[in-house]
Every structure is written in C-alpha cells, then in structure tokens.
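Keep in mind that the numbers below use all heavy atoms, side chains included, and drop hydrogens, waters and symmetry copies. For clarity, every value in this text was computed on a predicted model and none was experimentally measured. The chains referred to below are lettered A, B, ... by the order of the sequence lines, with proteins before strands, and numbering in each begins at 1.
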Amino acid sequence: MPELPEVETTRRGIAPHLLGRCVRTVVIRNPHLRWTVPLALATELPGQTLHAVERRAKYLLLRTGHGTVIVHLGMSGSLRVVDESLPAGPYDHVDLVFSGGKCLRLRDPRRFGAILWTQTDPAQHALLRDLGPEPLAPEFTAAWLGACMHGRRAAVRDLLLNARIVAGVGNIYANEALFRAGIRPGRRGGRLSHADCSRLVSSIRVILRRAIAAGGTTLRDFQNAEGDPGHFQRALSVYGRAGHPCRRCGTPVKALAIGQRRAFFCPHCQR
DNA sequence: CTTTTGACCTGACAGC
DNA sequence: TGCTGTCAGGTCAAAA
C-alpha cells in the first residue's frame, strides 16, 4: 500500500502526538508479521521517551534514548494515534501505549509489514544499509540515476522500484513520474539518455512532493494518523486509468504487465 | 553480477 | 446469493 508519500504523511501525522512522550506499555496481539515481532520490543521499550520520528525510504524510525523502533507498513499497513480505550480490531496487531493514554496502533490485514527493535545504528540495520538515496535529497541526481541505468536490460519502471537505486518509490509514483518524464515504463534502463535521466529525476521529485502535499494516495484503504484518506488519487495521470483518456492528449491510457505488476502509460505522450 | 520467480497474507471485486 | 478467479500500494530469498 504505502509508498514514500503515504509513509511521510503518516510520519507527519503521528509525530506531534507522540514526541517527548514516554512509552508505558507495548501490546503485541499477533506477532506474526513479515518478521516475528521481537519480544524485546515489549521488554525494552517501556520507560523510553520518544525523541524523534524519522523516515528512511518506506521505513519509519521511532528513536528513543536506548534504541529505535523500525516500522514498515508493507502493502496494507497503517498507523493511527488513538485513545488506548478504543477497542482493537482484528487486524490491530501491535499497540505502543504512551503516557497520557495515547496509543500508536499498527493495523495490517495482510501482515506484510514489520515492527522491529534495534539498539544499534538503524542506518546499519540489514534492511536499511543498502538503500539508495532518498529521492528528495540532493544525492539523487541525474548522474547517479544514469550510472544505475547504464547497461541494465530491465524495464526502467522496475529499476525505479529497486530501493538500492532510489529509496521509497513504488508502483504508483514510478508510473506517474515516467508519464511526466515522457518515458515508457517498459523501456530498458540502459536505453535512457542523460536527458531522460535528468527529466526523470525532476519528475520523481515533483510527483512525490505533490503527493505528500495532498496527504498521499488512497486507492482503497490508506489512512493517515487521524484516520483520514489522502487526495492524490484525483491527480493521477496514468496509474489505474487503463482505457481512460490521457489527461494531456486524450489517447487511451494503456496497461501492460511487466513482471507481475502492472504498468500504465500513454502511448502518445511517452516514448 | 542481473533478472526472474515464488513466497508471504487478506480483502475487494468481477463474472458466472 | 454465493462461489471462483484475479488483482492489489512491498520486498526478501532463491533460482535461473
């Protein structure tokens, strides 16, 4: 479900409620997520004060003085700040209960998400250490993208989903950025020119910034920390719009199966 | 090394 | 109404 803009929307939503608060208890109702929820979360976290809520790629990092909680929302995960008295639903697997009665509740029907605990530098964690640059950071340049694309036969859409190349871009925004850059999703990475890479870098930045400003994209179930949906789905140019007219030229948008995941493009506006 | 495939889960929806 | 099949925002691990 959530790509970078949805995770960032979640981060901004939960941070003001929780910063400076102390964890009172951890409730693990179902530990069977992508990786088993570590028992250390329940033994080490209570008593710790949350002093930062950061995001790296699609991971959220909840920093305390003695360790960091790493959260990934997978395909169907969401985090909400609720009153601890609110009854938990069947997919509410983990609660971090804070002093004052507020509770950070992780819901994840498909259980592809994760919540982990590390007492060392999270940037060196096996899940984070090989991530590529943040797309909104200055290290993400046309030169970097060009070097990553060089000699690659895979579809550019798939290379954009590769977190070692750029961190946090998922299927929606990869397709949207490729539309904006005028590049077909099935083009082989190695066939991109420097000008293509340059347009793609700026397109990714623009699309992600706009999506964050809109509070993310809600296709079926994304909701922010307050339980509200995002609004970027109204601004989608191609994703999920197969058969509908291109907003720029009117040509019907095409869908293509690339690997196991669908790609969307305008055959007139994208080459 | 790169690329492809399977795996992990449940819900929503289309079609019969 | 109810069944079956397909698809979904992610990404790791193993196979080719």
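- Here B/dT4 presents its C1' atom at 9 Å from CD of A/Gln260, a figure rounded to the nearest Å.
- Summarising the geometry, the separation between CG on A/Leu161 and P on B/dT2 is reported as 16 Å, rounded to the nearest angstrom.
- Listed pair A/Lys58 / C/dG9 fails the phosphate criterion, with no side-chain N or O lying under 4.0 Å from OP1 or OP2.
- Note that the NZ atom of A/Lys102 and the CG atom of A/Leu18 stand 9.5 Å from one another [nearest 0.5 Å].
- Legend: residues meeting ring-ring contact (aromatic ring centres under 6.0 Å, His included) with A/Phe140, ordered by chain and number and at least two apart, are absent.
- Residues from residues 230-240 of chain A that place a heavy atom under 4.0 Å from any atom of DNA chain B: there are none.
- Across the protein-nucleic acid pair, A/Leu116 atom CG and C/dT11 atom C1' stand 14 Å apart, rounded to whole Å.
- The side chain of A/His72 contributes an N or O atom lying less than 4.0 Å from OP1 or OP2 of C/dT11.
- Rounded to an integer number of Å, the gap from CG of A/Leu131 to C1' of C/dT11 is 11 Å.
- Between A/Val156 and the options A/Arg191, A/Arg188, A/Arg187, a side-chain contact (heavy atoms from CB on, under 4.5 Å) holds for only A/Arg187.
- Across B/dT3 and C/dG9, the matching C1' atoms stand 23 Å from one another, rounded to whole Å.
- Between atom CZ of residue A/Arg80 and atom CG of residue A/Leu106 there is a gap of 13.0 Å, rounded to the nearest 0.5 Å.
- Below the 3.5 angstrom threshold, one finds a donor paired with an acceptor across the side chain of A/Arg110 and the base of B/dC9.
- Across the protein-nucleic acid pair, A/Ile172 atom CD1 and C/dG10 atom P stand 7 Å apart, rounded to whole Å.
- Distance, A/Phe112 CZ to C/dG9 C1': 12 Å, rounded to whole Å.
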Scan the side chains in residues 176-186 of chain A for donor-acceptor partners under 3.5 Å anywhere in the protein, sequence neighbours excluded, and list what turns up.
unit_1   : atom_1 : unit_2   : atom_2 : d
A/Glu176 : OE1    : A/Ser237 : N      : 2.6
A/Glu176 : OE2    : A/Ser237 : N      : 3.3
A/Glu176 : OE2    : A/Val238 : N      : 2.9
A/Glu176 : OE2    : A/Tyr239 : N      : 2.8
A/Arg184 : NE     : A/Gln270 : O      : 2.7
A/Arg184 : NH2    : A/Pro267 : O      : 2.8

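- The minimum heavy-atom distance between A/Asn30 and A/Val37, with the atom names listed, is O-CG2, 4.4 Å.
- Environment of NE2 in A/His51: crowded, with over 12 heavy atoms of neighbouring residues, nucleotides or ligands closer than 6.0 Å.
- Between A/Gln223 atom CD and C/dG9 atom P there is a gap of 19 Å when expressed in whole angstrom units.
- Put simply, CG on A/Asn171 is 13 Å from C1' on C/dT11, counting in whole angstrom units.
- In terms of phosphate contacts, A/Arg111 brings a side-chain nitrogen or oxygen within less than 4.0 Å of OP1 or OP2 of B/dT10.
- By the 4.0 Å N-to-carboxylate-O rule, A/Asp95 lies close enough to A/Arg29 to be salt-bridged with it.
- Relative ring orientation between A/His72 and A/Tyr59 is described as perpendicular, the plane-to-plane angle rising above 60° on a 0-90° scale split at 30° and 60°.
- Across all strands, A/Arg262 comes closer than 4.0 Å only to sugar-phosphate atoms, never to a base (heavy-atom distances).
- A/Arg261 contributes atom CZ, which lies 14.0 Å from atom CG of A/Leu256 (distance to the nearest 0.5 angstrom).
- Near DNA chain B, defined here as any heavy-atom distance below 4.0 Å, the residues from residues 143-154 of chain A are A/Arg152, A/Arg153, A/Ala154, listed numerically.
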Identify all pairs in which a protein N or O lies below 3.5 Å from an N or O of nucleotides 12-15 of chain C, and state each distance.
unit_1 : atom_1 : unit_2  : atom_2 : d
C/dC12 : O4'    : A/Arg34 : NH2    : 2.5

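- Between A/Lys58 and A/Glu3, none of the side-chain N atoms (NZ, or NE/NH1/NH2) sits under 4.0 Å from a carboxylate O, so this pair counts as no salt bridge.
- Taking 4.0 angstrom as the limit, A/Arg164 places none of its side-chain polar atoms (N or O) nearer than this to OP1 or OP2 of C/dT11.
- Taking CG from A/Leu96 and SG from A/Cys103, the interatomic distance works out to 7.5 Å, rounded to the nearest 0.5 Å.
- Every stem involving DNA chain B, taken as at least 3 paired positions in a row under the Watson-Crick or G-U wobble test at 3.5 Å, is listed here: B:2-8 with C:10-16, B:10-16 with C:2-8.
- The neighbour count for A/Arg271 CZ, taken as heavy atoms of other residues, nucleotides or ligands under 6.0 Å away, is above 12.
- For the P atoms, the distance from C/dC3 to B/dC9 is 24 Å, rounded to whole Å.
- In the model, A/Arg262 has no side-chain atom that pairs as donor or acceptor with a side-chain atom of A/Asn171 under 3.5 Å.
- At most 12 heavy atoms of other shown residues, nucleotides or ligands fall within 6.0 angstrom of atom CG in A/Leu39.
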